[in-house]
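Basis for what follows: all heavy atoms, side chains included, without hydrogens, waters or symmetry-related copies. Not measured: the values here are computed from a predicted model.
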Amino acid sequence: MDTSKELLFFFSALGAFNGIILGVYFFFFTKKKHLTNYFLGALLFALSIRIAKSVFVYFHPELPKMYLQFGLTACFFIGPCLYYFVKSAVDEVQIMPRSWKFMLAFWGTLIVVVGALYPYEIYPKLWGGIFIRIIYLQWFVYIVFAGYKLRTVLQKVLGRKEKTTPAEIWFSMLYFGNFLLFLFYFLAIMGASAATYISGAVVFSFILYLGISILLYRKKTDDLFLLNGKISNKKIDSAEAVIWSEKLENAMYEKSLYKNPNLTLQDLSQEINISSHQLSQFLNNNLGKNFTSFVNEFRINEACKIIASTDKLTLESIGYDVGFNSKSTFFAAFKKHTGTTPLNYQIQALQS
């Protein structure tokens, strides 16, 4: 390689390596463990593997074909990680819903099974023709979903009419960076004259170093993951608070929303026609509860009624019936809200 190619190889490969390091940082070393941290770490890890494959195959095409399959397999997780990264921030999700786990497991199982049955080494035309189109279609669909979820923030950043928060700029930068990366790779695969296969690695490295610069410049990073900002300490007006309380009670009781184990702050806020930020402010400052505690109270109250009325159901099944994702979560929440375990409560109910 001549000097220019050596520099390009070094810059691109270093970008992939630093992406892995930064992904590990978001996984393990941020002070506050937001769910968005983990998805950003996974996103960077998947992107870095994809970029590393492009770099090494571009400069060393004689490498075994298994590297191509490995890189495309990682590419299959970029879209889902981007979407769940955005969704967890917009909806303020702190515990991964079971549906998300199922979907990630589905994609993982699908690509592993397909890779085992049709390895790149034996079926290069199949991978280079059909499979790569499916992979990039999946990536594009998730980019569209993520953009729709982030539409309000993107409109605010692009419009420049309102003051934007560091988190809004950070999320917009990450989203557009992923879109540009997809676009360059897609154009290269389609044979566009202006795009080369290594251009995606260069774009990724540039965006990554820009992101690292932002992190190093700022003294704190936790607020970059709080897309809705910090909750104000100001209480909602008492008259309005009464109306919101009634709407919440009706929504929770009449529609039994608490029985939905995947219920999010945004779902509930849309139900009563207020913003998720306003609902968070109301719950924290007027009711003195966070979203999880508020919903769990309804679940525990319902569980207490069921436990007191019958002994034919297992405690675990009651927990699932009222909206909990697991037995351990149900037992912990029950003890927190009642001061006793479900079993002790059941014994006391049967004795009375």
Side-chain angles (χ1 to χ4, degrees), residues 32-39 42 80 83-85 87-106 108 149 225 228 231 244-245 247-272 274 276 279-280 282-284 286-352:
K32 294 185 178 180
K33 304 300 181 182
H34 302 288
L35 187 58
T36 48
N37 294 37
Y38 296 114
F39 276 114
Y83 175 69
Y84 289 130
F85 164 66
K87 186 173 174 62
S88 61
V90 173
D91 292 347
E92 296 183 355
V93 180
Q94 295 301 324
I95 300 176
M96 191 188 306
R98 186 179 298 178
S99 59
W100 297 15
K101 296 178 183 178
F102 173 81
M103 186 56 66
L104 291 172
F106 169 76
K149 198 70 182 176
F225 298 93
N228 292 322
I231 305 301
W244 287 7
S245 293
K247 287 184 176 181
L248 282 172
E249 293 282 335
N250 292 335
M252 295 299 278
Y253 280 123
E254 292 180 3
K255 297 187 178 182
S256 299
L257 295 181
Y258 59 87
K259 290 185 178 181
N260 176 9
N262 299 319
L263 182 68
T264 65
L265 181 73
Q266 189 176 53
D267 293 334
L268 188 54
S269 65
Q270 289 176 349
E271 191 67 36
I272 65 173
I274 63 173
S276 56
L279 180 56
S280 291
F282 172 69
L283 293 176
N284 280 266
N286 289 72
L287 302 184
K289 309 168 187 175
N290 59 30
F291 171 73
T292 302
S293 296
F294 174 75
V295 176
N296 282 349
E297 279 191 12
F298 287 89
R299 292 170 175 165
I300 298 303
N301 289 338
E302 179 67 17
C304 288
K305 292 178 183 177
I306 298 174
I307 292 173
S309 62
T310 180
D311 59 352
K312 295 181 180 180
L313 298 174
T314 64
L315 295 174
E316 184 176 358
S317 66
I318 292 173
Y320 285 121
D321 288 343
V322 298
F324 286 99
N325 274 317
S326 67
K327 175 182 176 181
S328 59
T329 305
F330 169 51
F331 278 32
F334 193 97
K335 187 171 184 180
K336 178 181 178 182
H337 285 274
T338 65
T340 187
T341 64
L343 181 59
N344 287 337
Y345 186 89
Q346 185 180 54
I347 293 172
Q348 293 172 7
L350 293 174
Q351 291 175 347
S352 60

Trainee: Return the CD1 to CD1 distance between Ile347 and Ile307, rounded to the nearest 0.5 Å.
Mentor: 11.0 Å

Trainee: Test side-chain contact (heavy atoms from CB on, under 4.5 Å) on Ile300 and Phe330; report intermediate values, then the result.
Mentor: CA-CA 8 Å; Ile300 298 303; Phe330 169 51; 4.2 Å; yes

Trainee: Heavy atoms, side chains only, cut-off 4.5 Å: are Trp244 and Asn286 in contact?
Mentor: no

Trainee: Do Phe298 and Tyr253 have ring centroids that are under 6.0 Å from one another?
Mentor: yes

Trainee: Report the C-alpha separation of Ser88 and Tyr38 in whole Å, then their side-chain angles, then the decisive distance to 0.1 Å, and conclude whether the side-chain contact (heavy atoms from CB on, under 4.5 Å) test is met.
Mentor: CA-CA 10 Å; Ser88 61; Tyr38 296 114; over 6 Å; no

Trainee: Is the backbone of Leu263 close enough, under 3.5 Å, to the side chain of Asp267 for a donor and an acceptor to pair up by distance?
Mentor: no

Trainee: Hey, does Met103 have a side-chain heavy atom less than 4.5 Å from the side chain of Trp100?
Mentor: no

Trainee: Are Phe331 and Pro342 packed together at the side-chain level, in the sense that at least one heavy-atom pair is separated by less than 4.5 angstrom?
Mentor: yes

Trainee: Rounded to the nearest 0.5 Å, what separation is found between the CG atom of Leu257 and the CZ atom of Arg299?
Mentor: 10.0 Å

Trainee: side-chain contact (heavy atoms from CB on, under 4.5 Å), that's the test. Do Phe282 and Leu287 meet it? Break it down for me.
Mentor: CA-CA 7 Å; Phe282 172 69; Leu287 302 184; 3.8 Å; yes

Trainee: In sequence, state the C-alpha distance, the side-chain angles, and the governing distance for Met252 and Glu297, and then conclude on side-chain contact (heavy atoms from CB on, under 4.5 Å).
Mentor: CA-CA 11 Å; Met252 295 299 278; Glu297 279 191 12; over 6 Å; no

Trainee: Can you name the nearest heavy-atom pair linking Thr314 to Ser317, along with the distance?
Mentor: O-OG, 2.7 Å

Trainee: Just how far is it from atom CD of Glu316 to atom NZ of Lys327, taken to the nearest 0.5 Å?
Mentor: 5.5 Å

Trainee: Taking ring pair (Phe, Tyr, Trp, His ring centres under 6.0 Å) as the test, write out the residues that go with Tyr258, two or more places apart.
Mentor: none

Trainee: To the nearest 0.5 Å, how far apart are CD1 in Ile272 and OG in Ser245?
Mentor: 9.0 Å

Trainee: Identify the two heavy atoms, one from Lys149 and one from Val90, that lie closest to each other, and give their separation to 0.1 Å.
Mentor: O-CG2, 3.8 Å

Trainee: Identify the heavy atoms of Ser99 and Asn262 that sit nearest to each other, and give their distance.
Mentor: OG-ND2, 3.8 Å

Trainee: If we ignore angles and hydrogens, is there a donor and acceptor under 3.5 Å between the side chains of Thr340 and Thr338?
Mentor: no

Trainee: Working to the nearest 0.5 Å, report the span between CG of Asn37 and CZ of Phe85.
Mentor: 8.5 Å

Trainee: Mark yes when over 12 heavy atoms from residues, nucleotides or ligands other than Lys289 sit less than 6.0 Å from its NZ; otherwise mark no.
Mentor: yes

Trainee: Say you draw a straight line from CG of Leu248 to CG of Leu268; how long is it, rounded to the nearest 0.5 Å?
Mentor: 5.5 Å

Trainee: Please confirm whether the backbone N or O of Asn290 pairs with a side-chain atom of Ser293, one donor and one acceptor, at under 3.5 Å?
Mentor: no

